[in-house]
Amino acid sequence: MDSDDEFNSSQGSEDEFMNDQDSDVSIGDADDGEFLVLRPKKSVNKFRWLDSDIDIDEGDGGFESQDKDIKSSKHSYEVDFTVYSPEQIQEHQNSQIGEVGNILGQPPEATAILLRHARWNKERLIESYMDRTEEVLESAGLGESASDPPKIEKIKGFACDICCEDEPGLESFAMKCGHRFCVDCYKHYLQTKIKDEGEAARIRCPGDGCNRIVDSKSLDFLVSDNLKDRYQELLTRTYVDDKDNLRWCPAPNCEFAVECGVKDKELAKIVPTVHCDCGHFFCFGCSLTDHQPAPCSLVKKWLKKCEDDSETANWISANTKECPKCHSTIEKNGGCNHMTCRKCRHEFCWMCMGIWSEHGTSWYNCNRFEEKSGSEARDAQAKSRQSLERYLHYYNRYANHEQSAKLDKDIYLKTEKKMSQLQISTGMSWIEVQFLESASQALQQCRQTLKWTYAFAYYLARNNQTEIFEDNQKDLEMAVENLSEMFEKPIDQLESLKVEMMDKTAYCNKRRIILLNDTAENLKSSNWEFNVVLS
Amino acid sequence: MLASKRLQKELLKMHAHLPPGIDIVSTDDLKEWLMDIRVLDPNPLYQNEVYRLKFSFSKSYPIEAPEVVFVQDTNRPIPWHPHIYSNGIICLDLLDRQGWSPVHNVESICVSLQSMLTGNTKKERPPGDDNFVKYNTQRPRDINFLFHDNSV
Ligand SMILES: [Zn+2]
Ligand SMILES: [Zn+2]
Ligand SMILES: [Zn+2]
Ligand SMILES: [Zn+2]
Ligand SMILES: [Zn+2]
Ligand SMILES: [Zn+2]
């Protein structure tokens, strides 16, 4: 185990918080060493629609059956994780500070600085502190003992190096390092760091080249209460930021953090999608919205490619060609076929891509389509077209599912409104009409998966595994389109379609699991070949 | 408030005295200043050349670092340096959020840049200069430079 694992193997209060060693932890064997598997503590079915959370107790209706199946048994594509609230994170942080402070004999403020400086690796901190106390204190910016209470002083002949004021009676402040500034400047400095730059754990003394960290006691002394709250918030943030096995849920306004044992180096073999208590599914590896089955590095490449190509790809195919000589892109903006490349000044014919000089004076009309210079250039053009077309093939399908997911959701939201009317007219209970919501949720999730199968496929090189993948993709796609179609049925037919719709929903979910299990298993055992290097 | 007070004081001081090789070009307002610097040593890379620096100050100056770039003009080239991009953007930890101290000022920045040039012997641009100059749309303060090589 490397040092990053110490967090998981350490003793004491943190174990109660982060994992239940006796019951919930198992040691799994990954290809490159051991890793800890943490089981989620609770499984609450929580759906988020229209910005409202609806908690549904298990066993409350008929529609959750397929959902339960997914939760209760672990599939190959699923990873273990735990969700924590900000209070739990704070609590844990405080208990670690208390515990380590006792061992080191340092007050909580200094201990907090030391722990943050050691990136919360307490074993390493304690060990190095015992060996080289002075050095550790110095490098954490604590220098000599930090026990004296901070105070504001008026010093004769003092001039502030920040504002250059030197009036007598100027109030000033300095930490142990002795870099003294007027109180206004110090406050202004801390405020900018906390409010504008979002810094907390590593705010240094304003003095040039001084590495002393502003401790929380000095900070409390100098900043206003509302800034202190922000400071505490930021400190809590750094705790999670510093830990490799903790990550914030990226959903807007969500304050939960997720713990997961998957390491960066495993990301070419695992796509660790986690499910926050707020309902958001995201990738623990890169924090993007769930992108299974595509590994993080492919997702990154794909998104970059789309960003670079998407706006251009469309009009490139219609309105532009490459200069046959220097391959820079040329846009045709007039009717004349005589083109001059802006970059290399090469003159050629737009129609046949041949050298212009071979055209004589018939500049308004190309009649030299079979000229050699032209056909070679057309070949080159065709080649780059081909790779563009390949990309567009996958991109269009990728984009189509993204778009369709939005449309499905729109339809669902409209339907939901009508459903409440239906409830009134047919006397169906609220829970009885929820089959629509599970159908909509399944559609969203399956389309999200399908979308990424196309990015995955774009980078996939053919081998004997790819056929199964393509079949799975096709099956899921068909299942999704079938279910999606039912959404467009008039509302008065929906009641009679309930059973069929629930069947199709279950089928979609099943196809998705089959596809994800297959891709995950083959990814883990390196059975996929990609035409790019996975990093 | 702090920025304008501080800048006025700096200006007074610089009008009274400036180190050799540093000249004020324009300080018309308290938002943007132009300064000229020369390298005093006989460094063949920079001999007989004068470089123009543009300082842009935010309201939070000097708590926040100013934005400092070399600007090109007739007779004012962009100096060669492995930390200076050909569009004038400077990669210097002193001007970065992490390296900046509010104790610094326009004069001390000029002096630092002077000595950064003086010590350089490489007629080079930073790696990836072409792409950076072509695609960078960020303001210098928003760029995260990696200061992996502080020896130059
Ligand atoms: Zn001051
Ligand atoms: Zn200091
Ligand atoms: Zn969340
Ligand atoms: Zn990812
Ligand atoms: Zn050309
Ligand atoms: Zn032609």
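The model shown is predicted, which means the values in this text are computed figures rather than measured ones. Residue numbering restarts at 1 for every chain, and letters A, B, ... go by the order of the sequence lines.
- The NE2 atom of A:H188 sits 4.5 Å away from the OG atom of B:S60 when rounded to the nearest 0.5 Å.
- Under the rule for a ring pair (Phe, Tyr, Trp, His ring centres under 6.0 Å), A:Y189 has no partner lying at least two apart in sequence or in another chain.
- Contacts between B:P102 and chain A at a heavy-atom distance below 4.5 Å involve backbone atoms as well as side-chain atoms.
- In this structure, the portion of A:R204 lying under 4.5 Å from any heavy atom of chain B is its side chain and not its backbone.
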List the atom pairs, with distances to 0.1 Å, where a side-chain N or O of residues 24-37 of chain B and a protein N or O form a donor-acceptor pair under 3.5 Å, not counting sequence neighbours.
| residue | atom | partner | partner atom | Å |
| --- | --- | --- | --- | --- |
| B:D29 | OD1 | B:K31 | N | 3.0 |
| B:D29 | OD1 | B:E32 | N | 3.0 |
| B:W33 | NE1 | B:D29 | O | 2.9 |
| B:D36 | OD1 | B:R52 | NE | 2.9 |
| B:D36 | OD1 | B:R76 | NE | 3.3 |
| B:D36 | OD2 | B:R52 | NH2 | 3.1 |
| B:D36 | OD2 | B:R76 | NE | 3.2 |
| B:D36 | OD2 | B:R76 | NH2 | 2.9 |

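- No side-chain donor-acceptor contact under 3.5 Å links A:T192 to the backbone of B:I63.
- Within a 6.0 Å radius of NZ in A:K228, more than 12 heavy atoms belonging to other residues, nucleotides or ligands are found.
- By the side-chain hydrogen bond (donor to acceptor under 3.5 Å, both in side chains) test, A:R119 pairs with A:D242, sequence neighbours left out.
- With a threshold of 4.5 angstrom between heavy atoms, A:C185 approaches chain B through its backbone and through its side chain.
- Contact annotation for residues 2-12 of chain B against chain A (heavy-atom separation below 4.5 Å, listed by residue number): B:L2, B:K5, B:R6, B:K9.
- Between the OH atom in B:Y61 and the CD1 atom in A:I162 there is a gap of 11.0 Å [rounded to 0.5 Å].
- Residue contact with chain B, scored on non-hydrogen atoms closer than 4.5 Å, is absent for A:Q191.
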